[in-house]
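Contents: one structure, followed by commentary.
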Amino acid sequence: MMIQELFIATHNEGKIGEIIPLLNNIVKRVYSFIDLSETIFVKETGNTFEENAILKAETVFKHTNIFTLADDSGLEVDELEGAPGVLSARFAGENSSDEENNAKLLEMLKDIPESLRKARFKCVMALAGPDKTRTFYGSVEGKIAVSSAGFHGFGYDPLFIPAGYDRTFAELGKDIKAEMSHRSRALAKVTGFLKSIA
Ligand code: ITT
């Protein structure tokens, strides 16, 4: 079986910008919510990235009938026992902006020294179709900066310094982020799977 068309079920423009370029040579046509006349919002009621990724992919597949890929991702900070985790998008409250979430995280870590600011980004991608939904994982280790830096990317990128670097993802830019990010790593597994069934 070959998957010719894939629907990317995310409303996050930052994710779209990172996912679509990596799929262009793998599937013939990529769709997203801009191709639909009505948009679909899925309430993220799961307790894990995996549950939420599956929920988003399966709900959207039911509407579109096109193989659907969803991304659930977030930041886990050791000092905060894994928070913001699945609540990363709404850390500072429902509909909070990236800036508000980042400000809250910096405030919570303000007395925490560099050696204890360990964190990781995690991404779970779920691929839903007529058969069993499959999941793919990626993560990247790093630490939380003491202040916001850089303008590339989205979300917590201005605060996340990947291991082996001394600048944030937002300073390093999209090419370096694409080499090692949680999303790229999960997506490499997705594209590996798509090629294996082609
Ligand atoms: P969709 O559910 O529509 O895909 P969302 O933004 O609500 O969009 P999530 O529920 O998966 O997506 O929330 C993930 C949040 O984690 C996201 O809003 C960012 O704040 C953060 N995040 C995930 N990946 C990130 C990345 O690569 N860089 C920076 N922040 C990231």
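Read the numbers this way: they start at 1 and go in the same order the structure lists the ligands and their atoms. Heads up: numbering here begins at 1 and tracks the sequence.
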Query raised in the report: Salt bridge or not for Glu44 and Lys56, using N-O below 4.0 Å?
Result: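 Result for this pair is yes, salt bridge flagged.
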Query - Residue pairs, two or more places apart or on separate chains, that pass side chain to side chain donor-acceptor pair (under 3.5 Å) and touch residues 18-29 - result: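 Applying side chain to side chain donor-acceptor pair (under 3.5 Å) to every pair that reaches into residues 18-29, excluding sequence neighbours, yields Gln4-Lys28, Glu18-Lys177, Glu18-Arg183.
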Query raised in the report: Protein residues near ligand 1, heavy-atom distance below 4.0 Å?
Result: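 Correct list: Thr10, His11, Asn12, Lys15, Glu44, Lys56, Asp71, Asp72, Ser73, Gly74, Ser88, Ala89, Phe121, Phe154, Gly155, Tyr156, Asp157, Lys177, His182, Arg183.
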Requested in this report: Can you sort out the partners of Asn101 under side chain to side chain contact (heavy atoms under 4.5 Å, CB included), two or more places apart, ordered by chain and number?
Outcome: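 Side chain to side chain contact (heavy atoms under 4.5 Å, CB included) list for Asn101, sorted by chain: Phe91, Ala92, Ser96, Tyr156.
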Query raised in the report: Who pairs with Leu106 by side chain to side chain contact (heavy atoms under 4.5 Å, CB included), at least two apart in sequence or on another chain?
Result: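 Once residues adjacent in sequence are excluded, the partners of Leu106 under the side chain to side chain contact (heavy atoms under 4.5 Å, CB included) criterion are Arg117, Leu159.
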Query raised in the report: Taking atom types as modelled, is there a side-chain donor on Tyr137 or Glu50 under 3.5 Å from an acceptor on the other?
Result: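 Per modelled atom types, Tyr137 and Glu50 side chains form a pair under 3.5 Å.
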Query raised in the report: Counting heavy atoms not belonging to Glu114, are there more than 12 under 6.0 Å from its CD?
Result: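 No, the 6.0 Å shell around CD holds no more than 12 heavy atoms from other groups.
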